[in-house]
J.: 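Dumping the structure here so I can ask a few things about it.
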Amino acid sequence: MELRILAALLFGAFISCVTAISAQGSRLLVVLEDEAEKSKYGQFWLDLEERGFQLTYRTPKDPSLSLFQHGVPAYSHLLLLPPGKSTKGLGPNLTPNLVADFLNAGSNVMLALSGEQSVPSAIGSLVAELDVTLSPDRNSMVVDHFNYDTKSAKESHDVLVLSGNDVSSKKSGVADFFSVDGLLAFPHAVGAALGNASPLLSSIIKAPATAYPYNPKEEAEGVEDVFATGEQLSLVTAFQARNSARFTILGSAEALEDSWFDATVQLPTPGAKASKTANKPFAQKLTGWAFKELGVIRSNAVTHHLSPSDPDAAKHPGPNTTALGVPLDVNPHMYRIKNQVDYSIALSIWSPATGDWKPFSPPETDAVQLEFSMLSPFHRLNLAPSHTDASATFFTTSFTIPDPHGIFNFFVEYRRPYLTNIEEKRTVTIRHFAHDEYPRSFVITAAYPWISGIWMTVAGFVGFVALWLYSKPAAAAGAGGEKKEKEGRN
């Protein structure tokens with residue numbers, strides 16, 4: 001009995017170590033046309049389960065299929081595989097509106113397409129909500145006569161072979177979550193055109209410059225009206241909503257199959273050698289980002305208070321204490337103009353390897369910024385990392401509050417490609433000086449002439465009054481002579 005209990009405890013400890021590697025959750029709903037197709041993706045399912053995901057398989061026609069339970073998402077993630085050839089949509093439980101509501105609720109969606117099946121109009125309507133446009137020809141797939149696999153597509157040229165390092169995330173200052181060493185194979189890929197107006201969209205892998213969409217069912221030798229060509233076509237697309245929910249579009253569902261995980265491909269370039277595909281490690285990275293194992297950052301403690309060097313700091317002690325040991329009122333609701341203020345925010349990044357949060361550090365060319373704004377920013381300051389602990393990096397700055405008084409915001413907005421969004425706003429009231437807080441006039445040297453003028457005026461007035469009071473008026477000279485003249489006449 002004791003051995004059973006010990007074994008159960010060890011099994012539970014093992015499960016706790018391998019599960020919960022996604023910051024969003026582990027419940028994953030897989031929707032596929034026929035459960036018999038599960039065998040095609042055996043290695044893919046096994047990899048997801050080993051990473052701690054709890055997979056639930058449903059078909060679009062399953063009456064028990066529901067994305068919500070009691071008004072909240074029933075799953076953390078949704079994986080949509082291509083529907084069957086006879087299916088016109090994803091069923092009444094997976095309408096574009098329901099999937100959009102699922103995304104708005106904070107859950108993540110990954111959509112896999114295939115040029116082997118006609119893309120339903122419901123799928124086109126769904127991705128159109130994200131400003132993504134699919135080819136009007138629902139049976140088209142991307143072909144390339146210069147970047148194809150000579151082993152499996154020697155005639156059709158519909159298996160694209162691209163370098164695993166040729167991803168859009170390999171740019172200066174952009175987090176690279178998708179690059180792998182080796183060649184990637186995308187059989188029967190469906191290309192998508194991305195809208196230019198949306199900052200939420202980005203292409204992870206673009207088609208080569210020589211690629212174009214083509215319907216193999218048509219017998220025409222050329223294509224006259226081309227939907228999009230070259231790098232206008234996105235083979236793998238990433239969309240991150242403002243609530244940091246993610247929607248990933250993979251143009252080739254066949255790239256996840258076991259046969260292409262173990263396949264050997266060769267480019268038509270003279271002297272090119274055959275090599276094994278890197279589809280498996282790429283699928284791990286792609287699903288890791290799509291299901292929030294990678295690129296997940298969060299804000300922890302957000303504090304602001306009077307700087308210890310501010311003269312008012314000693315006048316308003318609070319129950320909290322700063323890192324310097326000075327008792328201050330942390331996160332007050334009111335400041336005064338000209339106050340010196342310290343601001344701090346702690347940022348963490350999710351580590352799927354350990355299943356916990358680690359300190360976040362932006363690239364050297366990037367910075368986390370603070371805006372102190374009313375209607376427009378009065379200060380826009382770079383936050384410098386001051387110290388770190390086991391789970392977060394603390395970014396701080398100090399500044400002087402400007403002269404205008406009113407309602408101001410401490411606002412930190414950090415939005416970078418392939419990273420979840422950070423948006424922290426704290427509202428405070430800025431008052432002007434009280435009547436007893438203005439500096440006295442005798443302290444201001446520029447006021448000395450005015451003070452001197454005032455006292456000179458006072459002294460002059462006092463002197464004039466004294467002179468008026470203590471000066472006796474002189475007697476009139478003609479008053480006595482007139483009186484004697486009147487007496488002589490009488």
J.: For the residue pair Thr397 / Asn382, report whether a side-chain donor-acceptor contact shorter than 3.5 Å exists.
T.: no
J.: Can you label the angle between the Phe186 ring and the Phe282 ring as parallel, tilted or perpendicular, going by 30° and 60°?
T.: perpendicular
J.: Indicate yes or no: at least one non-hydrogen side-chain atom of Ile349 is less than 4.5 angstrom from one of Val296.
T.: no
J.: Quick one: side chain to side chain donor-acceptor pair (under 3.5 Å) partners of Asp356, sequence neighbours excluded?
T.: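 For Asp356 the side chain to side chain donor-acceptor pair (under 3.5 Å) partners, ignoring immediate neighbours, are Thr354.
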J.: Going by salt bridge (Lys or Arg N to Asp or Glu O under 4.0 Å), name the pairs with one or both residues in residues 293-303, residues two or more places apart or in two chains.
T.: Arg51-Glu293
J.: Using distance alone, with no hydrogens and no angle criterion, decide if Ser163 and Asn165 have a side-chain donor and acceptor under 3.5 Å apart.
T.: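 No, no side-chain donor-acceptor pair sits under 3.5 Å.
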J.: Between Phe378 and Phe408, is the ring centroid distance below 6.0 Å?
T.: yes
J.: His157: what forms a side chain to side chain contact (heavy atoms under 4.5 Å, CB included) with it, not counting sequence neighbours?
T.: His145, Tyr148
J.: Which pairs, with at least one residue in residues 121-133 and sequence neighbours excluded, count as a side-chain hydrogen bond (donor to acceptor under 3.5 Å, both in side chains)?
T.: none
J.: Among side-chain atoms of Asp62 and Ser64, is any donor-acceptor pair under 3.5 angstrom?
T.: yes
J.: With sequence neighbours excluded, tell me which residues meet salt bridge (charged side-chain N to carboxylate O under 4.0 Å, His left out) with Arg380.
T.: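 So Arg380 forms a salt bridge (charged side-chain N to carboxylate O under 4.0 Å, His left out) with Glu371.
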J.: Can Arg242 and Glu423 be said to form a salt bridge (Lys or Arg N to Asp or Glu O under 4.0 Å), step by step?
T.: CA-CA 10 Å; Arg242 300 188 186 278; Glu423 185 174 332; over 6 Å; no
J.: When you look at CG of Asn196, are more than 12 heavy atoms from neighbouring residues, nucleotides or ligands closer to it than 6.0 Å?
T.: no
J.: Is it true that a side-chain atom of Ser344 and a backbone atom of Thr396 form a donor plus acceptor pair closer than 3.5 Å?
T.: no
J.: Do Thr427 and Asn409 have side-chain N/O donor and acceptor atoms under 3.5 Å apart?
T.: yes
J.: Holding to side chain to side chain donor-acceptor pair (under 3.5 Å), I want the full list of residues that pass it with Tyr343, two or more places apart in sequence or in another chain.
T.: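 Partners of Tyr343 under the side chain to side chain donor-acceptor pair (under 3.5 Å) test: none.
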J.: Can you tell whether the side chains of Glu254 and Lys40 come within less than 4.0 Å, N to carboxylate O?
T.: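 Looking at Lys40 together with Glu254, the answer is no, because their closest N to O distance does not fall below 4.0 Å.
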J.: Quick one, Phe178 with Tyr418, criterion ring pair (Phe, Tyr, Trp, His ring centres under 6.0 Å). Give me CA distance, side-chain angles, the key distance, then yes/no.
T.: CA-CA 10 Å; Phe178 309 104; Tyr418 309 117; 5.2 Å; yes
J.: For the pair Tyr414 and Phe360, name the ring-plane relationship: parallel under 30°, tilted 30 to 60°, perpendicular over 60°.
T.: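 Perpendicular, since the angle between the ring planes exceeds 60°.
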J.: What residues form a salt bridge (charged side-chain N to carboxylate O under 4.0 Å, His left out) with Arg27, not counting sequence neighbours?
T.: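 Arg27: no salt bridge (charged side-chain N to carboxylate O under 4.0 Å, His left out) contacts found.
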J.: Do Ser234 and Ser203 have a side chain donor and acceptor closer than 3.5 Å?
T.: yes
J.: Test of understanding: with salt bridge (charged side-chain N to carboxylate O under 4.0 Å, His left out), list the residues that count as partners of Asp366, not counting sequence neighbours.
T.: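 With sequence neighbours excluded, Asp366 shows a salt bridge (charged side-chain N to carboxylate O under 4.0 Å, His left out) to Arg416, given in chain and number order.
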J.: Considering only residues two or more places apart or on different chains, which pairs with a residue in residues 257-270 satisfy side-chain hydrogen bond (donor to acceptor under 3.5 Å, both in side chains)?
T.: Gln43-Asp262
J.: Does any pair with a residue in residues 141-156 pass salt bridge (Lys or Arg N to Asp or Glu O under 4.0 Å), and if so which ones, sequence neighbours excluded?
T.: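 Applying salt bridge (Lys or Arg N to Asp or Glu O under 4.0 Å) to every pair that reaches into residues 141-156, excluding sequence neighbours, yields nothing.
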J.: Arg426: what forms a salt bridge (charged side-chain N to carboxylate O under 4.0 Å, His left out) with it, not counting sequence neighbours?
T.: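 Glu424.
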J.: Sorted by first residue and then second, give each side-chain hydrogen bond (donor to acceptor under 3.5 Å, both in side chains) pair with at least one member in residues 89-106; sequence neighbours left out.
T.: none
